[in-house]
Structures are given as C-alpha cells and as structure tokens.
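These numbers come from the heavy atoms of this one structure, side chains and all, not from hydrogens, waters or symmetry mates.
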Amino acid sequence: MQTKITVVGITSFCTYLCTYFLNLSMDNMEQYLAVVAVLWLDGVFGIWAGVKREGFKTYKALKITKNTFTWLAILTVILMVEIGFPGTSWLSETIIMPFIIFQIISALKNASKAGFIKYSLLNTILEKIDKHKDK
C-alpha cells in the first residue's frame with residue numbers, strides 16, 4: 001500500500017511539472033521559437049562558413065545544441081519569474097532582446113563569410129545599425 005501511494009505521488013508531481021512547462025511553453029511559443037530560430041540560423045551559417053574555411057568541426061556544430069538548450073532554460077526561468085511576480089513583464093524583453101539582436105548580427109556576419117551575402121552589403125547593413133557611432 002505504501003509503495004502505491006509513493007508511486008502515485010511521484011507520478012502526480014511529474015504530471016504537474018510536465019503540464020506546467022507545457023502550458024508555459026505553449027503560452028509563450030513565439031518567444032521560444034524566436035530563440036531557437038535565431039540560434040539555428042546563426043549556427044547553420046556558422047557551420048557553412050566554417051566548412052569553407054577549415055572543414056567541418058563536430059564540436060563547433062554541437063555548440064548550437066548546447067547554446068539552444070542554455071538559452072531556452074534562461075528564457076524559461078525568466079518567464080517563470082514574470083508569471084510569479086506581477087510587474088516584471090519587462091524582464092524577457094530586457095534580457096532576451098539584446099541576445100536576439102547580437103545573434104542576428106552574428107548570423108549576418110556568418111552568412112557573409114559563407115558567401116550568401118556580399119561583404120559590401122553586410123557593411124551597409126552594419127553601418128545602418130550603428131548609425132549613432134559616426135556622430
């Protein structure tokens with residue numbers, strides 16, 4: 001009897017956690033997809049550029065997966081804090097948006113190194129992003 005109660009308790013707890021994280025991820029699906037898309041875009045262009053320069057490196061390719069899970073964990077914690085503490089809805093924009101912007105810039109640079117974007121076009125794009133530096 002004690003074993004059944006323990007199994008039911010553990011199962012209930014695991015069900016609660018899985019349901020909580022499922023609801024969290026489905027309610028914020030766009031944010032999760034944005035993080036994954038930007039990381040994989042940068043990663044694929046980085047791999048392509050790396051193959052052209054030095055050949056395929058498995059450990060560099062696996063960094064995409066590690067970085068994806070790390071940033072998904074960070075986003076999950078931020079969203080949990082936002083839900084748990086009203087008034088902190090600004091956290092995900094403040095923490096995740098600079099990361100997204102830097103990853104997009106990195107993806108542009110990697111796309112240029114891979115030969116998908118001309119270097120002159122990349123410079124034009126980066127100059128438009130950094131307009132304030134010339135003033």
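- In this structure, the separation between OG on Ser92 and CD1 on Ile74 is 13.0 Å, given to the nearest 0.5 Å.
- With sequence neighbours left out, the side chain to side chain contact (heavy atoms under 4.5 Å, CB included) criterion links Ser12 to Val8.
- Applying the side-chain hydrogen bond (donor to acceptor under 3.5 Å, both in side chains) test to every pair with at least one member in residues 22-34, sequence neighbours left out, gives these pairs: Tyr32-Thr76.
- Residues in residues 107-120 take part in these side-chain hydrogen bond (donor to acceptor under 3.5 Å, both in side chains) pairs, two or more places apart or across chains: Asp42-Asn110.
- Leu62 and Leu41 end up in different hydrophobic clusters when Ile, Leu, Val, Met, Phe, Trp and Tyr side chains are linked at under 4.5 Å.
- Leu91 CG to Glu93 CD: the interatomic distance, rounded to the nearest 0.5 Å, is 8.5 Å.
- In the hydrophobic clustering of ILVMFWY residues, with side-chain heavy atoms under 4.5 Å counting as a link, Leu75 and Ile104 come out together.
- Within the model, atoms CD1 of Ile10 and CD1 of Ile5 stand 12.0 Å from one another, a figure rounded to the nearest 0.5 Å.
- Residues passing the side chain to side chain contact (heavy atoms under 4.5 Å, CB included) test with Ser89, sequence neighbours excluded: none.
- Put simply, Leu22 and Leu72 are part of two different groups of oily side chains (I, L, V, M, F, W, Y) that touch within less than 4.5 Å, one to the next.
- Residues that satisfy the side chain to side chain contact (heavy atoms under 4.5 Å, CB included) test with Thr15, not counting sequence neighbours, are Thr11, Thr19.
- Once rounded to the nearest 0.5 Å, the distance linking CG of Leu39 with OG1 of Thr68 reads 4.5 Å.
- Around atom CZ of Phe69, no more than 12 heavy atoms belonging to other residues, nucleotides or ligands sit under 6.0 Å away.
- Under the 4.5 Å side-chain heavy-atom criterion for ILVMFWY residues, no single connected hydrophobic cluster contains both Ile64 and Leu33.
- Distance check: Phe45 CZ to Trp40 CH2 gives 14.0 Å after rounding to the nearest 0.5 Å.
- For residues 74-102, the pairs satisfying ring pair (Phe, Tyr, Trp, His ring centres under 6.0 Å) are Trp71-Phe99, with sequence neighbours left out.
- Here the OG1 atom belonging to Thr88 is positioned 10.0 Å from the CG atom belonging to Leu79, to the nearest 0.5 angstrom.
- In this structure, Met80 and Leu24 approach most closely via the heavy-atom pair CG-CD2, 3.9 Å.
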